[in-house]
Structures are given as structure tokens and as C-alpha cells.
Engineer: 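Mind looking over this structure? Questions follow.
A note on names: the letters A, B, ... follow the listed sequences, proteins ahead of strands, and every chain is numbered from 1. Given the structure is predicted, the values throughout are model-derived calculations rather than measurements.
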Amino acid sequence: MSGPASTARPSMQERWHGFFDNPSPLVKQVPSAAALLISVILVLVVPGLEFRPLGDAVGGIAIVAAATILALVLTVRSVDDGWPVLVIPMLDIIGLGLFRFGTGGPGSLFAGLVLLPVIWLAAAPGIRYVFLVLVLTSFSLLIPYIAHPPPDATEWLRGAVSPVVFAMAAAIVNELSRLQRVRTRLAESLATDRTEALERNIEVVDRLQKSEQRYRELLGMFQSVWQATTGQAVIGTDTQGVVMAWNPGATTLLGRSEEEAVGKLHVDEIFPPSARTELTDGAASVDSDDTVPPWLRALFSLADQDVAVDRDVHMVDGDGRPVPVRLTVTSRRDGDGAALGYLFVITDETRTAEVSRMKDEFVGMISHELRTPLSSILGYLDLLQNDPEHPLEEEQLQFLAVIERNAKRLLRLVGDLLFTAQVESGKFPVEPRDVDIVAIVAAALETAAPAAAAAGVELARELPGAPVMLRADPVRIGQAIDNLVSNAVKFTPRDGRVTVGLETCDAAVRITVRDSGIGIPKDELGELFTRFFRASTATRNAVPGVGLGLTITRAIVTAHGGHMDVTSEEGVGTEFQIVLPRHGRAVVDERPSAAARDGG
Amino acid sequence: MSANPLALVVEDSDDQARLLRHYLERDGFDVVVAASAEEALALLPRVSPMLAIVDLLLPGMSGTEFAARLRTDRPGCILAISSVLDVSRYPTADDVLPKPFTGAQLHALTAKVPR
């Protein structure tokens with residue numbers, strides 16, 4: 001946009017400069033040459049005027065003519081400045097001085113013509129040209145007197161005074177033109193400044209227009225997103241928790257309009273007392289001067305530390321019905337990172353909760369319907385096997401054992417499915433108490449011993465002699481270790497070895513189950529804990545299973561605040577590790593603040 | 001009048017009820033079976049069980065509710081819960097008999113009943 005304007009302005013400037021500052025030498029020469037031409041014509045035409053002495057007049061005309069030719073040459077060659085140009089008025093002064101002498105000397109009608117080149121020369125920048133004028137005019141006016149001495153002293157005086165007068169005129173012209181030049185420069189720089197300022201303004205306006213357009217686009221986008229967010233309540237507050245923004249989703253969920261909320265409502269008021277209790281983390285700094293309630297202040301400070309605040313809580317909708325929601329709180333900052341307030345995003349989880357409840361009911365019902373007949377099968381099997389009144393033959397007992405083994409496998413599968421569903425809905429019971437983890441591991445080894453013996457796998461133990469106490473649910477942790485050990489036995493070929501170890505440190509207990517089995521391909525390790533995932537080595541070797549064991553194992557370990565690691569090499573073996581915190585939960589959590597928080 | 005102690009089985013599954021009856025009778029109990037909590041409540045004024053084995057998932061009134069009533073009405077009766085549900089969901093009782101149970105487990109339970 002600035003392109004054409006900026007190229008047009010300099011060309012105008014150049015013409016302006018050219019007209020005032022740099023007339024061509026020929027243009028400057030025109031007055032002297034024309035005046036001389038008119039003088040010559042007058043002398044020739046008007047009676048009483050004559051060239052006397054003729055030689056000086058002709059010489060003068062010749063010099064001026066030479067100066068005019070020089071002016072023409074310089075003009076053609078576009079030389080507008082410098083000493084060659086100033087040679088022209090110098091020649092003119094000498095030439096017109098001679099012409100004056102050749103038309104009557106000091107009394108000549110054309111004495112004043114010298115003034116024209118004098119003004120030209122005097123207008124050149126610098127006081128030195130005034131002295132040059134003095135020297136040149138003295139030379140051109142006095143030289144003829146040497147050849148033709150004047151008759152009286154008055155003439156001498158006239159000859160001497162004229163150069164001084166010319167010099168004074170030159171001085172005045174020099175000063176005036178200097179002032180003019182100063183003014184011109186000033187005007188020019190002002191014009192340049194103004195032009196630049198104008199250009200800058202245009203640029204700024206241009207930028208502003210662009211950013212305004214971008215701003216409008218973003219605003220439009222933001223507003224449409226904001227208006228379209230009806231599934232979630234998005235509430236912006238200031239640093240004190242006063243509502244600053246309220247989206248349509250908030251109106252839908254909480255039953256208050258934007259007008260009722262913005263600037264009038266404190267975010268504390270949208271939470272029913274039960275939700276405040278749910279959200280209270282316990283330890284909150286209590287400052288009686290604080291306008292923000294402690295439970296909210298605790299959430300704010302978490303958000304300030306960029307800790308993800310993501311809670312499941314029960315709210316009350318506009319009609320007073322309880323709504324299960326997921327709440328996230330994040331801090332709102334400006335471009336420099338200064339706190340502006342907080343953003344509350346509340347997602348209605350009614351449907352999710354409903355679906356989850358239906359799934360739980362379904363899984364519960366299915367597992368009940370499967371367990372009831374299995375219970376009867378196993379109960380009557382037990383009765384047949386252990387009825388002293390009707391003892392069975394050896395072969396019959398063997399057949400019953402096959403039925404029993406398969407019925408138990410089905411029962412385990414049902415249990416695993418139910419447990420997985422409980423894990424997914426986040427509610428499986430863990431009842432921690434002080435237990436000796438060494439005893440639990442030893443019990444798992446006992447359980448696995450018959451299967452290991454049958455498979456020809458050696459079970460090795462690397463356990464400490466003394467009990468190691470920690471808080472855990474012995475049934476669940478036992479189940480987790482059972483899973484790992486039975487897996488290890490299952491995936492280890494005959495004559496292989498399974499080693500179960502336990503190490504302790506101050507904060508944690510590490511249980512290791514290492515086998516010399518078929519191993520797991522590296523690219524499958526990440527999926528290992530996914531429900532129903534089975535390693536390709538497992539399916540290829542036709543090892544039975546459905547892929548729930550590790551999911552369950554990890555869920556149990558996670559519920560105890562621990563974590564699991566696995567390393568494996570195909571064809572060499574696999575090592576699973578369970579790391580459990582010794583003192584309460586989350587000690588293994590690597591955030592330093594977590595350890596401090598839970599330690600107290 | 002029999003000298004045998006009385007066992008009350010509240011169980012809607014015939015198969016399970018029959019299995020329990022078999023084991024209990026083998027251990028020297030007289031057995032009365034109710035297929036629902038309501039039926040058991042109707043029986044209660046006329047019988048004095050020493051042992052009650054109660055299923056939780058019953059038609060009508062739940063086993064949990066019945067167990068609570070029994071504990072209040074007959075504090076002397078040993079109450080055992082037998083269900084396919086997870087033991088963590090059992091109501092307070094004197095003993096648990098998670099299904100599938102074995103004859104040995106039931107025998108251990110009957111041994112606790114004073115004769």
C-alpha cells in the first residue's frame with residue numbers, strides 16, 4: 001500500500017529542488033547574455049551610442065559569448081554545480097567589465113550589467129565569493145585604466161568605488177542567499193520529517209488495521225466457540241473468585257443467566273455445602289482476613305502452582321437436583337504471566353455416571369448369573385469327591401478333577417472380569433492393614449509350587465529372613481503377586497527357572513519376579529497392561545489366558561500407591577517389579593512436595 | 001421332638017439349598033429351608049434355629065435386610081452369609097461362607113455351633 005506513494009513523493013521533491021536550487025548554468029547565464037545582446041542591439045540602433053574603444057567592447061562580447069558557450073556545454077553535460085559553473089559568472093564579470101569600458105567606461109549606459117554575474121557569483125555558498133567578486137570586479141574595472149589611464153582623479157575614484165559597491169551588493173546577496181539556503185534546508189528537513197512521520201503513521205495505521213482485523217477474527221472465533229460450549233460450564237473468575245465470565249453451558253448446568261452471574265456472583269456460591277466438603281483437601285491455610293473460603297483458596301493455590309486440579313464432585317443444578325460433575329480449575333494469566341484469575345470448567349457427568357452405573361449393574365448381574373451355576377457345579381463336585389458314604393474309583397476321581405479344574409478356571413475368569421470392571425469404575429475395595437509382605441510373597445510361592453512342579457520349572461526365592469511390615473490389603477496384594485508368579489511359571493518352558501525376590505529400602509519395598517521364559521517383544525511392552533492384550537509370544541506359544549491378569553495386578557499395585565516396571569528380552573526372559581511404598585500411599589510419587597505432604 | 005439342633009437355610013437356588021441341606025444333615029442338623037426372606041420371616045415364630053445360612057441375592061426382601069432382622073430377633077443364632085457377591089459387601093455376621101463353598105468349609109462352620 002505504501003509503494004506507489006513513496007515513489008511519487010521523491011520525484012516531486014526532485015522537481016521542486018531542481019526548480020529552486022539547481023537551475024541549469026544556461027538558465028543562469030540567460031540574463032547576462034540577453035542583457036548584453038540587448039545592449040549590443042541598442043548601441044547599433046540608437047544614434048549617439050557607440051563602441052569606443054571598439055576592441056575592448058568586442059573583447060568583452062567575445063568573453064561573454066565564450067562563457068555562454070561554456071554554460072551551454074555544462075548544461076548539456078548536466079554539470080549543475082562546482083567550480084566549472086562558477087567560471088561562467090567570473091568570465092561574465094570580466095567580459096561585461098570590458099564591454100562597459102568599450103561603451104564609455106565608468107559613464108557607460110551599460111555599467112550596471114556587471115551586477116548580473118556579480119549576483120550569480122555572490123549567491124554561491126560562502127563569504128569567500130564576496131571577496132572573489134571584489135577581486136574580479138576590481139580587476140575587470142581597473143585593468144582598462146592601465147591601458148587607457150583616465151583623465152582625472154574622479155574617474156579613478158569611480159573605478160575604485162564601483163568594485164567596493166559591487167562587493168557590498170555581493171555581500172548582501174550572499175547573506176540573503178545564505179539565509180534562503182538555511183530556510184530551504186529547514187523547510188526541506190521539515191518536509192522530509194513530515195513525510196517520514198506520515199509514512200510511519202500510514203504504516204502504524206496499516207498495522208493497526210491488520211491487527212484489528214485479526215482481533216475481530218479471533219474475537220469472532222472465540223465468541224462462537226464460547227457460545228457453542230453448551231456441554232460444559234466454563235466460568236472465569238478474578239483472583240478473588242468473583243465471576244467474570246459465564247458461558248451458556250454454565251447457564252444450562254447451574255440455572256443462572258450470564259447477567260445474574262457476571263460481577264455479582266462469587267464462585268463459592270455455585271458450590272453446594274456438600275461439594276465444598278468434597279473438595280476440601282483438609283490442610284488449608286486459614287487466614288481470617290481472606291475473602292476466599294479456605295477450601296477454595298486451597299484449589300486456587302494448587303492451580304497457581306500449575307498442579308492439575310481435576311475432581312469428581314456433586315453439584316446442584318438450577319432445579320435443585322444433584323448432578324455428578326467433573327471440575328477442573330486452572331489459573332488465568334496475562335501475556336506476562338501475571339495472575340488474572342481462575343477458570344472453572346465443569347462437565348456434567350450425569351450420562352457418564354449413568355452409563356457407568358448401567359455397566360456396573362450389567363457386569364454385576366452377569367457375574368452373578370455365571371457364579372451361581374458355577375457354585376453349584378463346584379459344590380456338587382466337592383460333594384461327589386468327598387463323600388465318605390459313596391467313595392469313587394480312581395478314574396472317576398480323575399475325571400471329576402478335570403471338571404473341577406475347568407469350572408474353577410471359569411470362576412476365576414468371571415472374578416477377573418468383575419474385578420476389571422470395578423477397577424475401571426474406580427471402586428474396588430482395598431482394605432489396608434499392617435502386614436508382613438515377606439509372608440505374602442512366601443504364600444504366593446506356596447500356591448504356585450504345584451503348578452511349577454508339574455511344568456518342570458524351578459521356583460527360586462530370594463527373600464529376607466525377617467518380616468517386612470507395610471500397610472497393604474493382604475488379599476489384593478497376594479492376588480497381584482500370585483498373578484505374576486503364575487504368569488512367570490506359565491510362560492517358562494520346562495527346565496526353566498522363576499526367581500522371586502524382595503528388597504527393601506527406607507521408603508519402598510521392591511518385589512521382583514524374574515523368569516527364564518519366552519519373553520515379550522520390546523514393541524509390545526507398552527501395551528502389556530492393557531485389558532485383553534496378549535503378547536504375540538503368548539499367542540504363538542499357545543499359552544492360555546485372556547489378558548486380564550496384568551491389568552488387575554497393576555490396578556492393585558496402583559491402588560496401594562505403588563507402581564510396576566517390566567523388562568524383557570525375547571527368548572531370554574522377563575522381569576516384573578512391584579514397588580510398594582512402606583509408609584502410606586504416594587511415597588513413590590516422585591514429586592518432592594507429595595512426599596512432604598504425605599509424610600506429615 | 002428331635003434332639004438335633006436346627007439350621008435355617010435362606011436360599012432361593014434349589015441346587016444350593018439341597019447341597020446345604022445334605023451337608024448340614026450329614027453333620028447332624030435338622031434343616032428348614034426358606035426360598036425367600038419373607039418365607040423365612042413367616043417361619044421364624046415357630047422355629048428356633050441354632051444356625052442360619054443366608055444368601056444375599058434373594059427375590060423380594062434382600063438377604064442383607066433379613067440378616068439384620070435375624071441378628072436383632074435371634075441374637076443367640078449363629079449367622080453365616082453365603083453369597084456369590086464379594087465378601088467385602090457382606091453385612092456383619094458371625095461367619096462367612098462365600099460361594100462356591102466346600103464341604104470342609106461348611107463342616108468348620110457347623111463345628112462352631114454349641115450342642
Engineer: Without hydrogens or angle criteria, can the side chains of A:Asn483 and A:Thr553 be said to hold a donor-acceptor pair below 3.5 Å?
Structural biologist: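 Distance-only check passes for A:Asn483 and A:Thr553.
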Engineer: Taking 4.0 angstrom as the limit, do B:Lys99 and B:Asp55 come out as a salt bridge?
Structural biologist: yes
Engineer: So does A:Glu354 pair up with A:Arg351, basic N to acidic O under 4.0 Å?
Structural biologist: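 A salt bridge is absent here (no side-chain N lies under 4.0 Å from a carboxylate O).
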Engineer: Could you tell me whether A:Arg471 and A:Glu431 make a salt bridge, using a distance below 4.0 angstrom between a side-chain N and a carboxylate O?
Structural biologist: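 Between A:Glu431 and A:Arg471 there is no salt bridge, as every charged N stays at least 4.0 Å from the carboxylate O atoms.
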Engineer: At under 4.5 Å between heavy atoms, what parts of residues 18-27 of chain B are in contact with chain A? List them by residue number.
Structural biologist: B:Arg18, B:Leu19, B:His22, B:Tyr23, B:Arg26
Engineer: Tell me, out of A:Val475, A:Asn386, A:Leu378, A:Leu383, who's got the most heavy-atom pairs with chain B below 4.5 Å.
Structural biologist: A:Leu383
Engineer: Can you confirm whether A:Ile552 sits close enough to A:Ile556 that some side-chain heavy atom of one is under 4.5 Å from a side-chain heavy atom of the other?
Structural biologist: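 A:Ile552 vs A:Ile556: side chains touch.
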Engineer: Please tell me whether A:Ser375 and B:Gln16 have a donor and an acceptor in their side chains that are separated by less than 3.5 angstrom.
Structural biologist: no
Engineer: Where on A:Leu381 is there a heavy atom nearer than 4.5 Å to chain B: the side chain, the backbone, both, or neither?
Structural biologist: neither
Engineer: Is A:Glu361 atom CD crowded by more than 12 heavy atoms from other residues, nucleotides or ligands, each under 6.0 Å away?
Structural biologist: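 Check passes, neighbour count above 12.
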